[in-house]
2 protein chains.
Amino acid sequence: MKRNPSTATPNQLSEQLAATGFRSTQQRQRVYDVLMEKRDHPTAEEVFLRAKQAMPDISMATVYNCLDALVKTGVVRQVKIERGAARFCPNMHEHWHFHCTGCGGVFDMDQPDNACDAFPLPKGFKIDQFEIAAHGLCPACSSARNK
Amino acid sequence: MKRNPSTATPNQLSEQLAATGFRSTQQRQRVYDVLMEKRDHPTAEEVFLRAKQAMPDISMATVYNCLDALVKTGVVRQVKIERGAARFCPNMHEHWHFHCTGCGGVFDMDQPDNACDAFPLPKGFKIDQFEIAAHGLCPACSSARNK
DNA sequence: CTATATGCAAATAGTTTGCCTGTTA
DNA sequence: TAACAGGCAAACTATTTGCATATAG
C-alpha cells in the first residue's frame, strides 16, 4: 500500500505535476485550490461551479481533465461513495470516509496504523489500495432524529 | 450494523419478497437464480444476458427493477467497486471485496468478527453499514506479472 | 516552436422513468 | 379484479471524446 502522505501546497503543485509529466496550468491550480479551500468532498460539478467563480471560462470537460491529472499525480483522491457522481478529496493521508445518510455529508475519519491488520489476506493476493466507507448518521442528523 | 445473515434459497425467496411487500414474479426469481448460479459479481447487463437465456423476453428495465426489489428485500447487495457499472452479489454475510486490477475480477473475503473494532468511531456518529473494498492483484494475475 | 491542455459540443455508458399491457394475490 | 410488475422507448445523469484553438516549457 503505497501513497504519498504529504499534502501539496499550491506552490509545490507545479513541481508535483511536472514530476508526473503534466504541465502546470491555471485551471489545474484552480481546481486544486477549490478542493483545498473547502474540504467537503465535492463532486466534479460542484468543483466546476466553484472554480467558475474565479475563472468564468473554465469548462466542465476541463474540470474532469484536471481532476484526472491531479488524481494521477497523486495529490487528490477520487472517492466513490454513493451511486451518483464521484467525489474528490485532497486528503492523501490514510483515512476512511463516513457518509451521512441524513444530510449526505462525507466526513474524513483517521485510520489507525494497524487497521489493515484486521483484514487478513488469503495467500497470493496483493493489496495495492484500500477503500473503506461507512454509512450512517452524523452527530447532527442523529440527534435531530431522536426527537 | 444490522444485516440478515441468512442467504435465501429459491423456495424461500417468495416469502422474503412478500415480507417486504413485494410480489413474487418469474423475473425476480430468475434474476435471483442468475446471481446464485455464478457468484462472480455480475453487472446489471451481465445479469440481463444470463437471464435472457432461459427467459428471452425479459427486458433490461425489468432486470434493474428486479435487482432493486431484491436489494430492498435484503437478499442481494449492490456493490460499487469501479467507476463503471454497479455489481450485484447474493452473499449477505459480512464480507469485503477484493477487486483485481489485472483481470477485473471481484473476490469475496471473509470479514473477521472483530474487524470493525479496528475503526474507532468519533462520538455521535452511528454506523448503519460498512463497506470495504481493496484493489490489487489476485494470485493468478500476480504470478503472471512476475515473469 | 511544438507538445500538451483547453473549450465546445456531440457521443457514450449506465440507469431511470412514463405509459400502456400483462400478471399476481 | 385491483394493485402491482413487465416491456418498450425515451429521458436523464455522469463522464468521455474529437477537434480546432490557445498556452506552457
Side-chain angles (χ1 to χ4, degrees), chain A residues 10-11 13-34 41-49 51-52 54-73 76 78-88 104 106, chain B residues 10-11 13-34 41-49 51-52 54-73 75-88 104 106:
Chain A
N11 354 349
L13 181 58
S14 78
E15 305 169 22
Q16 300 203 234
L17 284 166
T20 327
F22 287 111
R23 289 182 178 169
S24 173
T25 67
Q26 297 191 336
Q27 288 84 347
R28 284 172 182 164
Q29 290 276 357
R30 177 82 189 117
V31 164
Y32 186 69
D33 287 350
V34 164
H41 305 79
T43 62
E45 176 143 38
E46 284 162 343
V47 171
F48 171 61
L49 293 173
K52 249 203 327 200
M55 190 180 268
D57 287 343
I58 197 171
S59 74
M60 195 67 214
T62 296
V63 169
Y64 275 108
N65 206 342
C66 291
L67 288 168
D68 188 54
L70 293 171
V71 168
K72 287 195 175 119
T73 299
V76 163
Q78 186 186 51
V79 185
K80 14 195 188 321
I81 304 263
E82 315 138 283
R83 304 135 223 185
R87 293 162 172 278
F88 296 86
V106 175
Chain B
N11 353 351
L13 181 57
S14 79
E15 304 169 23
Q16 300 205 232
L17 284 166
T20 326
F22 287 112
R23 290 183 179 167
S24 173
T25 67
Q26 297 190 337
Q27 288 85 347
R28 284 172 183 165
Q29 289 276 355
R30 176 83 190 118
V31 164
Y32 186 68
D33 287 349
V34 164
H41 306 79
T43 62
E45 177 144 36
E46 285 163 343
V47 171
F48 171 60
L49 293 174
K52 251 206 322 201
M55 191 179 268
D57 287 343
I58 198 171
S59 74
M60 195 68 214
T62 295
V63 169
Y64 274 107
N65 208 340
C66 291
L67 288 169
D68 188 54
L70 293 171
V71 168
K72 287 196 176 119
T73 299
V75 294
V76 163
R77 283 169 68 176
Q78 186 186 50
V79 185
K80 15 196 189 315
I81 304 263
E82 313 138 284
R83 304 134 222 188
R87 293 162 172 278
F88 296 86
V106 175

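Lettering follows sequence order; numbering is per chain, from 1.
- When all heavy atoms of A/Ser24 and A/Gln29 are compared, the closest pair comes out as OG-NE2, 3.4 Å.
- Residue A/Tyr64 contributes atom OH, which lies 18 Å from atom P of C/dA11 at whole-angstrom precision.
- The shortest side-chain heavy-atom distance between B/Leu13 and B/Leu70 falls under the 4.5 Å cut-off.
- One atom, CZ of A/Arg28, and another, C1' of C/dG7, lie 14 Å apart when rounded to the nearest Å.
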Donor-acceptor list for residues 57-69 of chain B side chains, cut-off 3.5 Å, not counting sequence neighbours:
residue, atom, partner, partner atom, Å
B/Ser59, OG, B/Thr62, N, 3.3
B/Ser59, OG, B/Thr62, OG1, 3.1
B/Asp68, OD2, B/Lys72, NZ, 2.8

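- Here the closest non-hydrogen pair linking B/Arg30 and B/Ala54 is NE-CB, 3.4 Å.
- With a heavy-atom cut-off of 4.0 Å to chain A, the contacted part of DNA chain D has its first and last nucleotide at D/dA14 to D/dG25.
- One interatomic measurement links the two molecules: CD1 of A/Ile58 to C1' of C/dC8, which rounds to 14 Å at whole-angstrom precision.
- For the pair B/Glu45 CD and C/dT12 C1', the interatomic distance rounds to 13 Å; values are reported in whole Å.
- Distances shorter than 4.0 Å separate none of the side-chain N or O atoms of A/Asn65 from OP1 or OP2 on C/dA5.
- Protein atom CD of A/Gln27 is 9 Å distant from nucleotide atom C1' of C/dG7, rounded to whole Å.
- An OP1 or OP2 oxygen of C/dT15 is reached within less than 4.0 angstrom by no side-chain nitrogen or oxygen of A/Arg83.
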Side-chain donor/acceptor pairs under 3.5 Å, residues 78-88 of chain A, sequence neighbours excluded:
residue, atom, partner, partner atom, Å
A/Glu82, OE1, A/Arg87, NE, 3.2
A/Glu82, OE2, A/His99, NE2, 3.4
A/Arg87, NH1, A/His41, O, 2.7

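- Atom CZ in B/Phe48 sits roughly 14 Å away from atom P in C/dG14 (whole-Å rounding).
- The CG-P distance, from B/Asp68 to C/dG14, rounds to 18 Å in whole Å.
- Summary of helix geometry: the two end axes of the helix from C/dC1-D/dG25 to C/dA25-D/dT1, each defined by five base pairs via their C1' atoms, are inclined to each other by 40° (rounded to 10°).
- Across all strands, A/Ala86 comes closer than 4.0 Å only to sugar-phosphate atoms, never to a base (heavy-atom distances).
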**OP:** Summarise protein proximity over nucleotides 18-25 of chain C in one line of letters, 5' to 3': B for base, S for sugar-phosphate only, - for none, counting protein heavy atoms closer than 4.0 Å.
**Re:** ------BS
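- You'll find the side chain of A/Arg28 stays beyond 4.5 Å of the side chain of A/Val31, heavy atoms only.
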